[in-house]
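Have a look at the structure below, then the notes.
Here is how names work: the chains are called A, B, and so on, in the same order as the sequence lines, proteins then strands, and each is numbered from 1.
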Number of protein chains: 2
Amino acid sequence: MIMKVSQSNKLNRAKRFCETNKYRFTEPRERVLSLLLSRHEPLGAYQILKLLSSKQAKIKPPTVYRAIDFWKKNGFIHRIESMNAYIACCEHKHHQNFCIFICNQCNKVSELTLETLSQSITNIIKDKSIVITRSTTELFGSCFECNR
Amino acid sequence: MIMKVSQSNKLNRAKRFCETNKYRFTEPRERVLSLLLSRHEPLGAYQILKLLSSKQAKIKPPTVYRAIDFWKKNGFIHRIESMNAYIACCEHKHHQNFCIFICNQCNKVSELTLETLSQSITNIIKDKSIVITRSTTELFGSCFECNR
DNA sequence: CAATATACTGTTATATTATAACACTTTGAA
DNA sequence: TTCAAAGTGTTATAATATAACAGTATATTG
């Protein structure tokens, strides 16, 4: 399987992450993350299920959901709530304040890596008695191509 | 049934909205919206189903989902994506750029009516070739009470 | 090295959330 | 009064997600 460098880098980073933190980089985990890294679009859990299953070896939902939960918890994938779908996180460090853009017309989804977003949200929350630990923002509209 | 004024006001506004736009203010629509207005917490579709059903008259899922879809489309309720739940929109005019805060500890949910949010998002999106028509932001953290 | 605790997987079953499809009813306008 | 459109009722089923429990792999400790 041919991979872009950045993609295999990300997989390696995930592997190192597991080693460092004494988690296991198991086959289901590897396969789920690889798949999400190789696609640049959100996949539903049952799409992943189908893509990872062969006629001989059918995977079951919990196998996929466990891997998804693991990577999600550890900042390697995002759940797109409005789509019940998952994408590989494009930059690990932005995982806490995550923003995606969904084009209403072509349905393309892109993650926006916005340094300013979490800053903005902090500014918006003037009431310092609330502490924000995580945010997910889903923007809908039309993209450059659909817009011309 | 005793209601706060603002609550019945909101129901009236919804009624007027229907009259103005030639939509019907039918019984399922009224009951679903009333219920959501009377609670200050998110309700799942099947919770609504249960609350609106009596032993004699059991409501079916499509009845609830149709009412939910109607009010959602028309800006009277929000879907909280991360919870598969629905709440009455606290201010009609903010419906396009909607932000809620969910306390991780007590699970209380509050809608934030932030004049500045949509502005901020516009500022963040420097690339003017993208047009945002709607946004939903879900913030997670700990609230004032849980924070002390 | 064996015992054992822990993390993880495999499997079956089922819960939860949402929609398709079609017959019937209400409403307003021609 | 009939016709079209909007809306509801009902049955069935799709799509998404999790509980529960037995079994396996791995690292650790005695």
Side-chain angles (χ1 to χ4, degrees), chain A residues 14-15 17-36 41-74 76-87 107 138, chain B residues 14-15 17-36 41-74 76-87 107 138:
Chain A
K15 197 172 180 180
F17 169 85
C18 287
E19 281 157 8
T20 312
N21 294 276
K22 304 207 173 167
Y23 297 129
R24 288 185 224 156
F25 190 69
T26 59
E27 205 192 316
R29 287 177 182 174
E30 177 167 3
R31 294 186 71 203
V32 167
L33 186 59
S34 291
L35 182 63
L36 285 170
E41 61 187 341
L43 295 175
Y46 281 76
Q47 280 181 284
I48 295 173
L49 197 68
K50 204 176 252 178
L51 290 163
L52 294 185
S53 284
S54 60
K55 271 188 186 162
Q56 309 90 323
K58 299 247 178 198
I59 287 174
K60 308 278 162 54
T63 302
V64 168
Y65 278 103
R66 282 169 185 153
I68 287 172
D69 291 346
F70 175 79
W71 294 122
K72 186 154 59 77
K73 192 174 68 188
N74 293 299
F76 288 84
I77 71 179
H78 294 299
R79 176 181 158 82
I80 301 177
E81 303 286 356
S82 63
M83 299 177 76
N84 297 330
Y86 306 87
I87 47 165
N107 291 312
E138 304 190 5
Chain B
K15 197 173 179 179
F17 169 84
C18 287
E19 283 157 8
T20 312
N21 294 277
K22 305 208 173 167
Y23 297 130
R24 289 184 224 159
F25 189 69
T26 58
E27 205 193 316
R29 286 177 182 175
E30 178 169 4
R31 294 186 71 203
V32 167
L33 186 58
S34 292
L35 181 63
L36 285 170
E41 59 185 345
L43 294 176
Y46 281 75
Q47 280 181 284
I48 295 173
L49 197 68
K50 207 177 250 175
L51 289 163
L52 294 184
S53 284
S54 60
K55 271 187 187 165
Q56 309 90 323
K58 300 246 178 199
I59 287 173
K60 309 277 162 55
T63 303
V64 168
Y65 278 104
R66 281 168 187 154
I68 287 171
D69 290 346
F70 175 78
W71 292 122
K72 185 153 59 77
K73 193 174 66 187
N74 292 298
F76 288 84
I77 71 179
H78 294 299
R79 176 180 157 83
I80 302 177
E81 304 286 356
S82 63
M83 299 176 77
N84 298 329
Y86 306 88
I87 48 165
N107 290 311
E138 306 192 5

Notebook entry, point to check: Do B:I87 and B:R79 come close enough that some side-chain heavy atom pair is under 4.5 Å?
Noted result: no
Notebook entry, point to check: Under a 4.5 Å cut-off applied to non-hydrogen side-chain atoms, are B:R66 and B:D69 in contact?
Noted result: no
Is there a donor-acceptor pair under 3.5 Å between the side chain of [X] and the backbone N or O of [Y]?
| X | Y | answer |
| --- | --- | --- |
| A:E138 | A:I80 | no |
| A:R31 | A:L52 | yes |
| B:R29 | B:R24 | yes |

Roughly how far, to the nearest 0.5 Å, is the [atom2] atom of [Y] from the [atom1] atom of [X]?
| X | Y | atom1 | atom2 | answer |
| --- | --- | --- | --- | --- |
| A:Y65 | A:K60 | OH | NZ | 15.5 Å |
| A:I48 | A:T63 | CD1 | OG1 | 12.0 Å |
| A:I68 | A:L33 | CD1 | CG | 11.0 Å |
| B:E81 | A:M83 | CD | CE | 11.0 Å |

How far apart are the closest heavy atoms of [X] and [Y], and which atoms are they?
| X | Y | value |
| --- | --- | --- |
| A:Y86 | A:L36 | O-CD2, 3.3 Å |
| B:F76 | B:A14 | CE2-CA, 3.6 Å |
| A:A67 | A:P28 | CB-O, 3.9 Å |

Next item on the list: Under 4.0 Å from any atom of DNA chain D, heavy atoms only: list the residues of residues 78-86 of chain B that qualify, in numerical order.
Entry: none
Item checked: CA sep, side-chain torsions, deciding dist, call: B:F25, B:F17, side chain to side chain contact (heavy atoms under 4.5 Å, CB included) -> CA-CA 9 Å; B:F25 189 69; B:F17 169 84; over 6 Å; no
Margin query: Can you tell me if A:T26 touches the phosphate of C:dC8, counting only side-chain N or O atoms and a distance under 4.0 Å to OP1 or OP2?
Written below: no
Note to self: Counting only heavy atoms and a strict 4.0 angstrom limit, can you tell me which residues of residues 43-57 of chain A come near DNA chain C?
What the structure shows: none
Note to self: Give the residues of residues 59-72 of chain A touching DNA chain C, defined as any heavy atom closer than 4.0 Å, sorted by residue number.
What the structure shows: A:K60, A:P62, A:T63, A:R66
Could you state the [atom1]-[atom2] distance from [X] to [N], rounded to the nearest angstrom?
| X | N | atom1 | atom2 | result |
| --- | --- | --- | --- | --- |
| A:Y23 | C:dT6 | OH | P | 15 Å |
| A:N74 | C:dA7 | CG | C1' | 13 Å |
| A:F25 | C:dT9 | CZ | P | 12 Å |

Margin query: Under 4.0 Å from a heavy atom of chain B: give me the 5'-most and 3'-most nucleotides of DNA chain D that qualify.
Written below: D:dA5 to D:dT11
Notebook entry, point to check: For B:F70 and B:V32, what are the C-alpha separation, side-chain angles and deciding distance, and is it a side chain to side chain contact (heavy atoms under 4.5 Å, CB included)?
Noted result: CA-CA 10 Å; B:F70 175 78; B:V32 167; over 6 Å; no
Protein N or O to nucleotides 26-30 of chain C N or O, pairs below 3.5 Å:
from   : atom 1 : to    : atom 2 : distance (Å)
C:dT26 : O2     : B:R24 : NH1    : 3.4
C:dT26 : O2     : B:R24 : NH2    : 3.2

Check: Which residue pairs pass the salt bridge (charged side-chain N to carboxylate O under 4.0 Å, His left out) test when at least one of the two sits in residues 41-59 of chain B, sequence neighbours left out?
Finding: B:R39-B:E41
